[in-house]
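Index from 1, following the sequence. From a predicted model like this one, the values you see are computed outputs, not experimental measurements.
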Amino acid sequence: MLEIKKIIGLYLIILAVQPVQAMSAGEEDHDNLPDQFNYSIELFTAHSPFSSSLFAKMKNTQLSLIGFNFGHSYLQFSNLNIFLSSEVVLFGRMNYPINGHSGPKTQRSGLGIVPLRFTVPITRSGSRNHFYADTGLGFILFEKKFPNPDGTNLNVTIDLGIGYQFRISQNNSLSIGYRFHHLSNAGVGNINPGLDSNMIFISFKTFR
């Protein structure tokens with residue numbers, strides 16, 4: 001997919017300039033931060049009970065993810081803070097029809113990584129409870145080629161979501177939200193049906 005390759009190229013450029021622009025949350029003014037913190041650790045689980053066909057071809061497919069997110073820095077533009085984090089998918093499970101749309105199903109399991117996730121508060125980030133939008137590009141490695149031997153083990157993932165964070169104590173919060181999650185091998189395999197998932201996620205975050 002040409003669009004996927006363009007997006008990957010853009011993320012690589014952002015990754016290249018991020019160390020220069022990003023700053024430790026402990027080095028600058030914290031007026032717009034949730035609280036003063038050096039880093040955050042977030043445990044999350046996400047599940048898509050059904051797939052759509054916006055960009056991909058796979059239908060009637062379920063996807064579940066479990067992992068953790070490490071928040072390490074942020075970019076500041078005027079009064080806007082863009083929080084940066086890195087994510088590890090400890091376990092991913094996909095349940096999909098063998099023919100891609102109906103009938104008997106099979107499964108794939110794997111693990112993955114999102115090198116850089118961008119999170120932007122929609123309402124004032126200094127408030128205890130606020131909405132936010134986020135996006136990330138990563139990779140997931142399945143134990144077998146997806147969806148069959150003509151596919152690939154390694155697939156690219158891109159997601160875009162919206163969530164709501166509410167604080168449960170001074171340094172801890174819970175979040176719930178929705179992400180549109182796209183999976184593709186970017187045309188590397190002999191076939192590339194792709195998967196569009198509608199993921200509901202919940203997470204627990206602690207600030208340090």
Peer 1: Please tell me whether Phe131 and Tyr164 form a close aromatic pair, meaning their ring centres lie under 6.0 Å apart.
Peer 2: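 Close enough - the centres of the two rings lie under 6.0 Å apart.
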Peer 1: Look at atom NZ of Lys105 and say whether more than 12 heavy atoms of other residues, nucleotides or ligands are closer to it than 6.0 Å.
Peer 2: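 Atom NZ in Lys105 is crowded, with more than 12 foreign heavy atoms closer than 6.0 Å.
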Peer 1: Does Leu63 reach the side chain of His181, with side-chain heavy atoms less than 4.5 Å apart?
Peer 2: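 A side-chain contact under 4.5 Å exists here.
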Peer 1: Membership question, hydrophobic clusters at under 4.5 Å side-chain separation (ILVMFWY): are Leu90 and Leu43 in the same one?
Peer 2: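 Linked within one cluster.
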Peer 1: Within the side chain of Asn153, is there an N or O that forms a donor-acceptor pair under 3.5 Å with the backbone of Phe142?
Peer 2: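 Yes; at least one donor-acceptor contact below 3.5 Å.
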Peer 1: Are the side chain of Asn192 and the backbone of Gly189 linked by a donor-acceptor contact shorter than 3.5 Å?
Peer 2: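 Such a contact is absent between Asn192 side chain and Gly189 backbone.
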Peer 1: With distance as the sole criterion, is a donor-acceptor pair present between the side chains of Ser86 and His72 under 3.5 Å?
Peer 2: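 Ser86 vs His72: donor-acceptor pair found between side chains.
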Peer 1: Does Val114 belong to the same Ile/Leu/Val/Met/Phe/Trp/Tyr cluster as Phe201, with side-chain heavy atoms less than 4.5 Å apart forming each link?
Peer 2: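 Val114 and Phe201: separate clusters.
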Peer 1: Does Phe166 offer a backbone N or O that forms a donor-acceptor pair with the side chain of Ser173 under 3.5 Å?
Peer 2: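 Judged by distance alone, no pair lies under 3.5 Å.
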Peer 1: Please round to the nearest 0.5 Å and tell me the distance separating atom CZ of Arg108 and atom CD1 of Ile140.
Peer 2: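 One gets 12.5 Å once the value is rounded to the nearest 0.5 Å.
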Peer 1: Please check if the side chain of Asp196 supplies one atom and the backbone of Ala56 the other of a donor-acceptor pair under 3.5 Å.
Peer 2: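 Here the side-chain-to-backbone pair exists.
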Peer 1: For Phe207 and Ser40, run side-chain contact (heavy atoms from CB on, under 4.5 Å): C-alpha distance rounded to whole Å, both residues' side-chain angles, the deciding distance at 0.1 Å, then the answer.
Peer 2: CA-CA 4 Å; Phe207 300 94; Ser40 65; 3.9 Å; yes
Peer 1: Can you check whether Phe91 reaches Ser109 side chain to side chain, under 4.5 Å on heavy atoms?
Peer 2: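 They are in side-chain contact.
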Peer 1: Where the side chain of Gln62 meets the backbone of Pro49, is there a donor-acceptor pair that is under 3.5 Å apart?
Peer 2: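 The answer is yes, because a donor-acceptor pair under 3.5 Å joins these two groups.
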Peer 1: I would like to know whether Thr45 and Ile202 meet side-chain contact (heavy atoms from CB on, under 4.5 Å); could you show each step before the answer?
Peer 2: CA-CA 6 Å; Thr45 181; Ile202 185 170; 3.4 Å; yes
Peer 1: Is the closest side-chain heavy-atom distance between Pro147 and Pro193 below 4.5 Å?
Peer 2: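 Touching, per the 4.5 Å side-chain cut-off.
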Peer 1: Please assess Tyr39 against Phe70 for the test side-chain contact (heavy atoms from CB on, under 4.5 Å), listing each intermediate value before the final yes or no.
Peer 2: CA-CA 7 Å; Tyr39 63 89; Phe70 176 68; 3.7 Å; yes
Peer 1: As an exercise, state the distance from CE of Met94 to OG1 of Thr106, rounded to the nearest 0.5 Å.
Peer 2: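 OG1 of Thr106 is found 11.0 Å from CE of Met94.
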Peer 1: Are Leu84 and Arg117 close enough that some pair of their side-chain heavy atoms sits under 4.5 Å apart?
Peer 2: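 Heavy-atom side-chain distance check fails, nothing below 4.5 Å.
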Peer 1: Would Ile162 and Ile176 show up in the same hydrophobic cluster when neighbours are defined by side-chain heavy atoms closer than 4.5 Å?
Peer 2: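 Unlinked, Ile162 and Ile176 end up in two clusters.
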Peer 1: Taking the six-membered ring for Trp, are His182 and Phe55 parallel (under 30°), tilted (30 to 60°) or perpendicular (over 60°)?
Peer 2: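 Perpendicular, since the angle between the ring planes exceeds 60°.
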Peer 1: Among side-chain atoms of Ser64 and Arg93, is any donor-acceptor pair under 3.5 angstrom?
Peer 2: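 Short answer, no.
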Peer 1: Do Phe204 and Ile168 have side chains that approach each other closer than 4.5 Å (heavy atoms only, starting at C-beta)?
Peer 2: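 When only atoms from C-beta onward are counted, Ile168 and Phe204 do touch, with a gap below 4.5 Å.
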Peer 1: Taking Asn155 for its side chain and Phe139 for its backbone only, find out whether a donor-acceptor pair lies under 3.5 Å.
Peer 2: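 Here the side-chain-to-backbone pair does not exist.
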Peer 1: Supply the atom-to-atom distance His101 NE2 to Lys59 NZ, rounded to the nearest 0.5 angstrom.
Peer 2: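 Those atoms lie 8.0 Å apart.
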Peer 1: Please find the pair of heavy atoms, one from Thr61 and one from Pro97, that lie closest to each other, and give the distance.
Peer 2: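 Distance-wise, the nearest heavy atoms are OG1-CD, 3.7 Å.
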Peer 1: Between Asn172 and Thr206, does the side-chain hydrogen bond (donor to acceptor under 3.5 Å, both in side chains) criterion hold? Intermediate values first, please.
Peer 2: CA-CA 4 Å; Asn172 301 301; Thr206 181; 3.0 Å; yes
Peer 1: Is there side-chain contact between Ile82 and Phe77, with heavy atoms separated by less than 4.5 Å?
Peer 2: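 SC-SC contact between Ile82 and Phe77 confirmed.
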Peer 1: Are Leu65 and Met58 in one and the same hydrophobic cluster, where Ile, Leu, Val, Met, Phe, Trp and Tyr link if side-chain heavy atoms are under 4.5 Å apart?
Peer 2: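 Result: yes, single cluster for both.
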Peer 1: Is it true that Leu183 and Ile158 fall in one hydrophobic cluster, defined by side-chain heavy atoms closer than 4.5 Å?
Peer 2: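 Cluster IDs for Leu183 and Ile158 differ.
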Peer 1: Measure the shortest side-chain to side-chain distance between Asn198 and Phe50 over non-hydrogen atoms and say whether it is less than 4.5 angstrom.
Peer 2: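 Counting from C-beta outward, Asn198 and Phe50 do come under 4.5 Å.
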Peer 1: When rounded to the nearest 0.5 angstrom, what is the spacing between CG in Asn171 and NZ in Lys205?
Peer 2: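 The NZ atom of Lys205 is 12.5 Å from CG of Asn171, to the nearest 0.5 Å.
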Peer 1: Working to the nearest 0.5 angstrom, can you tell me the gap between Asn148 CG and Asn190 CG?
Peer 2: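 Taking CG in Asn148 and CG in Asn190, the distance rounds to 9.0 Å.
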Peer 1: Between CG of Asn185 and CG of Leu195, what distance do you get to the nearest 0.5 Å?
Peer 2: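 Nearest 0.5 Å value for the CG-CG distance: 12.0 Å.
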Peer 1: Centre-to-centre under 6.0 Å for Phe44 and Phe68, is that the case here?
Peer 2: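 That pair fails the under 6.0 Å test.
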Peer 1: Tell me if a side-chain donor or acceptor on Asn69 pairs with a main-chain N or O of Ser203 at a distance below 3.5 Å.
Peer 2: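 No.
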Peer 1: Which heavy-atom pair separates Pro121 from His130 by the least distance, and what is that distance?
Peer 2: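 Taking every non-hydrogen atom into account, CB-CD2, 4.0 Å.
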Peer 1: Quick one: does any side-chain atom of Asn95 pair with a main-chain N or O of Gln107 as donor and acceptor, under 3.5 Å?
Peer 2: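 No.
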Peer 1: So, the side chain of Ser197 versus the backbone of Met199: is there a donor-acceptor pair under 3.5 Å, distance only?
Peer 2: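 Flag not set: sc Ser197 to bb Met199 has no pair under 3.5 Å.
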Peer 1: How are the rings of Tyr96 and Phe146 set relative to one another: parallel (under 30°), tilted (30 to 60°) or perpendicular (over 60°)?
Peer 2: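 Ring orientation of Tyr96 relative to Phe146: perpendicular.
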Peer 1: If you define the side chain from C-beta out and look only at heavy atoms, does anything of Tyr132 sit under 4.5 Å from Ser175?
Peer 2: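 Side-chain contact under 4.5 Å: yes.
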